[in-house]
Amino acid sequence: MFFNSKQKDLEIAKLKERIIELEESKEKEDLLFDEINQVLLKFEKGFYGIYVKNNSSNDNLNKVRDNLNKALENNTNLADRGIQTLIEYGNANFEHTVDIGKLSGKMGSMILGIRALGSSISELLALLDMTSTDLHSEMVQLSDAANTLSSASNQQAASLEETAAAIEEVTSTVINTSDNSNKMSNLSKEVNLSVKKGEELANNTFSSMENINNEVSLIEEATSIIDQIAFQTNILSLNAAVEAATAGEAGKGFAVVAQEVRNLASRSADAAKEITAIVHKAKERAKEGKNIAKEMIEGYNGLNESISKQLDIIEEVSNASTEQKKAIEQINDAITQLDQTTQQNAAAAAQINSQSNHIELLSKKLVDVVDKTTYVKDAREQVKDIDLMFTLNRLKLDHINFKDTNYKELDSKTIWKVKTEKECNLGKWIIAQEQLGNKFTKTENWEHLKKVHFNVHNNVQSIIEDNANNNIHRMLDTSLEIDKAISDVFWTIQKTKRENN
């Protein structure tokens with residue numbers, strides 16, 4: 001009985017001890033659970049680097065704690081990498097090397113995405129660097145050209161103003177010349193009329209001289225008759241004197257008469273000779289006058305022809321002056337319009353000069369901005385083909401989406417078929433480039449690209465199958481291989497851009 005009582009007390013003591021142990025274990029578990037809850041709440045709000053430190057007597061619970069701490073540590077490390085990378089990018093250091101070791105899951109996608117962002121920014125900076133340098137160089141030349149253009153435009157405008165003034169003077173001179181030509185034409189017409197009148201008078205003079213010559217000839221004939229009569233009278237008076245002398249005293253009176261008749265005949269002969277001499281001279285003068293009148297007529301004819309030619313020339317000059325006047329007036333109008341246009345061009349040139357100087361400053365700022373950044377220098381070889389650059393950047397990022405889209409469905413624990421490496425956009429592009437026979441498809445890098453691209457699709461399919469079959473460890477190992485394969489896809493694509501040059 002006593003033994004039973006003692007044994008019973010012992011059992012009770014053990015039971016109490018066990019109860020105390022259980023209570024202590026429960027307290028530790030409660031503390032552990034509370035700490036896990038606190039850590040998870042902090043982790044939910046973005047507090048990383050905080051771990052569960054309490055222990056419990058429950059090995060499974062401790063294993064959960066250890067796995068949780070490993071997950072927290074891994075995510076903290078990944079977050080630290082991302083933060084450090086973003087800080088470097090924020091400091092314009094896009095040459096910063098991103099650690100891609102042990103990447104997996106969403107955080108792995110984020111790190112790969114951040115690195116892809118840096119790579120894309122490096123390419124953009126490289127493109128901006130080369131473009132801004134060329135742009136600045138071109139803008140310096142453009143600015144110099146704009147300065148020269150502005151100066152030349154101003155000089156041209158000033159010269160054109162002087163030209164316009166000179167043209168106005170020429171226009172005035174041409175107008176005066178045209179007016180003078182018209183006046184000369186009118187005077188020449190009047191001279192022509194006077195010449196014709198003089199020619200007519202010369203013709204009349206010639207006719208008068210002809211008439212005088214004819215009349216003088218008649219006088220000369222009459223004088224000749226008178227001379228002949230005087231000669232006959234003289235002979236007859238001589239005969240009468242002889243007869244009177246023969247008659248003696250009776251013929252004295254007749255002799256006196258005969259003597260008077262002879263004297264008269266002699267005087268008539270002398271007068272006839274004088275008249276003949278005068279008529280001869282008059283005839284010579286008339287002949288000379290006739291010759292002079294004839295020469296005048298010929299001179300007037302020549303003068304008339306010259307004046308007619310001169311009139312034709314003056315008419316041509318007058319017409320030409322009129323046309324020249326119209327042409328000069330048109331030139332004057334054109335010069336005026338050109339002057340206005342040149343003034344506008346000078347104003348535009350001044351504006352271009354101002355804008356080019358401003359753009360030059362902007363391009364210089366752009367060069368200075370790029371100079372303050374650091375980027376991967378290989379990117380300069382990756383941006384030679386801009387279309388290819390943007391195409392491949394889009395295609396490589398598609399595989400982060402490909403991985404994450406399929407990972408979202410893992411909770412279903414089912415198996416589905418993912419796109420093969422030939423069915424995605426990158427795969428289709430690879431096939432198209434090989435069909436085109438591009439030179440970068442003949443390299444070792446291209447074969448490596450196809451290999452790692454295949455690994456991405458094949459391993460995502462393996463993840464889905466291992467997840468459905470609860471092959472967790474193999475699934476986790478494969479997830480690391482997927483992110484490494486995606487990273488390799490990125491780098492081989494970058495090298496493909498360089499090999500395209």
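All values below were derived from every heavy atom in this structure, side-chain atoms included, with hydrogens, water molecules and symmetry-related copies excluded.
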Grab the two heavy atoms, one from [X] and one from [Y], that are nearest each other, plus how far apart they are.
X    : Y    : answer
S109 : D483 : N-OD1, 4.1 Å
K422 : K428 : O-CG, 3.9 Å
T414 : I464 : O-CG2, 3.6 Å

Strictly distance-based, threshold 3.5 Å: is any side-chain N or O of [X] a donor or acceptor partner for the main-chain N or O of [Y]?
X    : Y    : value
E421 : V456 : no
T443 : F440 : yes
N74  : K70  : no

Does any part of the side chain of [Y], heavy atoms only, come nearer than 4.5 Å to the side chain of [X], both counted from C-beta?
X    : Y    : result
W429 : Q433 : yes
F454 : N458 : yes
Y407 : S479 : yes
E73  : N69  : no
H448 : V452 : yes
N62  : L32  : yes
F490 : I400 : yes
I472 : L476 : yes

Could you give the distance from [atom1] ([X]) to [atom2] ([Y]), rounded to the nearest 0.5 Å?
X    : Y    : atom1 : atom2 : value
D333 : Q330 : CG    : CD    : 7.5 Å
N438 : T496 : CG    : OG1   : 10.5 Å
I493 : N445 : CD1   : CG    : 9.5 Å
I463 : R474 : CD1   : CZ    : 10.0 Å
T441 : E447 : OG1   : CD    : 9.0 Å
N470 : K413 : CG    : NZ    : 4.5 Å

Would you mind telling me which of L31, V39, N37 makes a side chain to side chain contact (heavy atoms under 4.5 Å, CB included) with E35?
->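 Option passing the side chain to side chain contact (heavy atoms under 4.5 Å, CB included) with E35: V39.
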For the pair D488 and K451, find out whether any cationic side-chain nitrogen is under 4.0 Å from an anionic carboxylate oxygen.
-> no
Can you tell me if NZ on K396 sees more than 12 non-hydrogen neighbours from other groups inside 6.0 Å?
-> yes
Kindly check if the number of other-residue, nucleotide or ligand heavy atoms within 6.0 Å of CG (D411) is above 12?
-> no
Could you tell me whether the side chains of N393 and K497 share a donor-acceptor contact shorter than 3.5 Å?
-> yes
Could you please spell out the steps behind the salt bridge (charged side-chain N to carboxylate O under 4.0 Å, His left out) verdict for E423 and K417?
-> CA-CA 12 Å; E423 293 174 333; K417 196 69 175 175; over 6 Å; no
For residues 377-400, pull every pair meeting ring pair (Phe, Tyr, Trp, His ring centres under 6.0 Å), keeping only residues two or more places apart or in separate chains.
-> H399-H453, H399-H457
Tell me, with the steps shown, if I486 and F402 meet side-chain contact (heavy atoms from CB on, under 4.5 Å).
-> CA-CA 10 Å; I486 292 176; F402 168 73; over 6 Å; no
Show your working on side-chain contact (heavy atoms from CB on, under 4.5 Å) between L426 and I430 and close with a plain yes or no.
-> CA-CA 6 Å; L426 178 59; I430 289 174; 4.1 Å; yes
Take N455 and E481 through the test side-chain contact (heavy atoms from CB on, under 4.5 Å) and record every step on the way to the result.
-> CA-CA 8 Å; N455 289 342; E481 294 177 6; over 6 Å; no
